[in-house]
Chemist: 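Here you go, one structure.
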Protein chains: 2
Amino acid sequence: MMAETRDRIIVATNELFRRQGYNGTSLSQISEAANATIGSIYHFFPGGKEALGVAVIETTGEMFRELFESIANEAPGPAEAYVAFFAGAGTVLAESGYIDPCPIGTIAREVANVSEPLRVAASNAFASWISAATRHLTNAGIPTEQAEQLAHVFVATVEGTFVLSRTQRSTAPLESAGRCVSRLVTLAIDETQRTPTP
Amino acid sequence: MMAETRDRIIVATNELFRRQGYNGTSLSQISEAANATIGSIYHFFPGGKEALGVAVIETTGEMFRELFESIANEAPGPAEAYVAFFAGAGTVLAESGYIDPCPIGTIAREVANVSEPLRVAASNAFASWISAATRHLTNAGIPTEQAEQLAHVFVATVEGTFVLSRTQRSTAPLESAGRCVSRLVTLAIDETQRTPTP
DNA sequence: CCGTGTCTAGAACGATGGTTCTAGACTCCG
DNA sequence: CGGAGTCTAGAACCATCGTTCTAGACACGG
């Protein structure tokens, strides 16, 4: 009973943040969307809106990391994984009427210089994605340093295409990004195989 | 006299939006930072905060497009241009204490589903960057379709690395992105030269 | 000197923001 | 029953939001 309401609050907040950002969303909106009174929100998140934001970032961060890992595991190869990831994001984006698929980047840009707790939460979420992608790429045989570089670019491109595709209401940037990231990965693997580890 | 105040308002608003986003910035803050009364703001922007936001996006959009073009012209080759662009962005970011270098992406994510005028302004700004980059790449001999794809990825990566670098307070993502985008460009040019246009 | 147009000053408006607080309702173990 | 703990209801708080409005300051051609 208790976790149910808490989860409803987080889910509703997540969607509202994705649609209108952190500062553009009021607690009364959240209360209405989650079918929970403002008193309930403060009961579960005594730190108020900021604490709720941190919880949303942490939840979403884990969710995306798991999503990436499951797509990476199911894909026939590393290169295909990235195409599949961007393609999936495109479908979600278009189906939702071009609501932002990810609240983390939005919140980060709004408050990175204003709220340390929120900035740190976002930074941790990104870091977990980067290390998941790095792990995935080193498993494919790419040397650590280069894998980290590619992982950075992957995460950055994800966030960047979300802005671009959403603003232009088109999935074309996502598709381009999938192809390009996948090309970078195959290129790195080819190089590795030409010069095998001594 | 008149254009002076108007410019001061736009410059101050630009910086405040970069630091705290659109909804996180109040007109009273803008008024104070620009040394202009709220009456002045409404005199120059009768459409209120939204119209001011559109003006900021348009101004910044042109500024970045010109910046890209001048860097592209000065660089010894297409590949070097992108490394230089990301490196320059990194310097600006670090020097400013990791304030967002670009208000457009922030505003876009906050209000793309809430304010059509702002969404359209952001979309136009991005489109102008994409077409500038596409022009630059086709001039280097890359076929149109592939040039457009690369231009999409370039712009998306710029916006994405801004979020990432700012949140993590590190210029590493920007450097990785410069290297990777530049590698994609040289790769495309190499392919073009191997299979010259019939 | 006058008056027209541009720009600024700042009070006033209703609405809503996040937060706090006190009661009340519910569950569940004894 | 009963009472401790968990959760909800909703009024009340002050601050601030974006916007509007009316006066006044200033410049300048006649």
Side-chain angles (χ1 to χ4, degrees), chain A residues 1-57 103 106-107 110-111 113-119 121, chain B residues 1-17 19-57 103 106-107 110-119 121:
Chain A
M1 201 61 156
M2 72 163 234
E4 208 175 271
T5 305
R6 209 190 108 105
D7 285 353
R8 271 207 326 277
I9 293 172
I10 288 195
V11 168
T13 308
N14 181 300
E15 183 165 332
L16 286 167
F17 281 177
R18 282 163 47 201
R19 192 187 298 268
Q20 16 177 303
Y22 178 82
N23 286 312
T25 302
S26 67
L27 287 182
S28 61
Q29 280 182 309
I30 295 172
S31 153
E32 192 182 357
N35 264 328
T37 63
I38 294 187
S40 290
I41 297 177
Y42 273 88
H43 170 73
F44 288 110
F45 304 96
K49 196 184 183 184
E50 193 177 51
L52 175 54
V54 169
V56 166
I57 289 178
T106 310
I107 302 180
E110 281 186 79
V111 301
N113 290 89
V114 174
S115 159
E116 264 298 286
L118 287 169
R119 199 214 103 225
Chain B
M1 202 63 157
M2 75 164 232
E4 208 177 272
T5 306
R6 209 190 106 107
D7 285 353
R8 271 206 326 276
I9 294 172
I10 289 195
V11 169
T13 309
N14 180 301
E15 182 165 332
L16 286 167
F17 282 177
R19 193 187 296 269
Q20 16 176 303
Y22 179 81
N23 286 313
T25 302
S26 69
L27 286 183
S28 61
Q29 281 182 307
I30 295 172
S31 154
E32 193 182 356
N35 263 328
T37 62
I38 294 188
S40 289
I41 298 176
Y42 273 89
H43 170 73
F44 289 109
F45 305 96
K49 195 182 183 184
E50 194 178 49
L52 175 53
V54 169
V56 167
I57 290 178
T106 309
I107 302 181
E110 281 187 77
V111 300
N113 289 88
V114 172
S115 159
E116 265 298 284
L118 287 170
R119 198 213 104 226

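Numbers restart at 1 for each chain; the letters A, B, ... are given by sequence-line order, proteins then strands.
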Chemist: With respect to the phosphate group of D/dT8, does any side-chain polar atom (N or O) of A/T37 fall under 4.0 Å of OP1 or OP2?
Modeler: no
Chemist: Is the phosphate of D/dT8, meaning OP1 or OP2, less than 4.0 Å from a side-chain N or O of A/H43?
Modeler: no
Chemist: Rounded to whole Å, please give me the gap between CD1 in A/I41 and C1' in D/dC7.
Modeler: 13 Å
Chemist: Report yes if a side-chain nitrogen or oxygen of B/T5 is closer than 4.0 Å to either non-bridging phosphate oxygen (OP1 or OP2) of C/dT8; otherwise report no.
Modeler: yes
Chemist: Measuring to OP1 and OP2 of D/dC17, would you say a side-chain N or O of B/S26 lies under 4.0 angstrom away?
Modeler: yes
Chemist: Starting at the 5' end of DNA chain C, which residue's closest nucleotide do you reach first, A/Q29 or A/P46?
Modeler: A/Q29
Chemist: Assuming nearest nucleotide by heavy-atom distance, tell me which of B/G39 and B/K49 is located more 5' along DNA chain D.
Modeler: B/K49
Chemist: CG of B/N35 versus C1' of C/dA9: gap in Å, rounded?
Modeler: 14 Å
Chemist: Could you tell me whether a side-chain N or O of A/E110 sits under 3.5 Å from a main-chain N or O of A/N23, the two making a donor and an acceptor?
Modeler: yes
Chemist: By the definition side-chain contact (heavy atoms from CB on, under 4.5 Å), identify the one residue from B/I57, B/I41, B/T25 that meets it with B/L52.
Modeler: B/I41
Chemist: Rounded to the nearest Å, what distance is computed from the CD atom of residue B/E4 to the C1' atom of nucleotide C/dT8?
Modeler: 14 Å
Chemist: Take atom CG of B/L118 and atom P of D/dG18, then tell me their distance rounded to the nearest Å.
Modeler: 13 Å
Chemist: Would you say a side-chain N or O of A/S40 is under 4.0 Å from OP1 or OP2 of D/dT8?
Modeler: yes
Chemist: Which part of the nucleic acid, if any, lies within reach of B/T25 when heavy atoms closer than 4.0 Å are counted: base, sugar-phosphate only, or nothing?
Modeler: sugar-phosphate
Chemist: Examine D/dT16: is either OP1 or OP2 under 4.0 Å from a nitrogen or oxygen in the side chain of B/S28? Give yes or no.
Modeler: no
Chemist: Write down the distance between CD1 (B/I30) and P (D/dC17), rounded to a whole number of angstrom.
Modeler: 10 Å
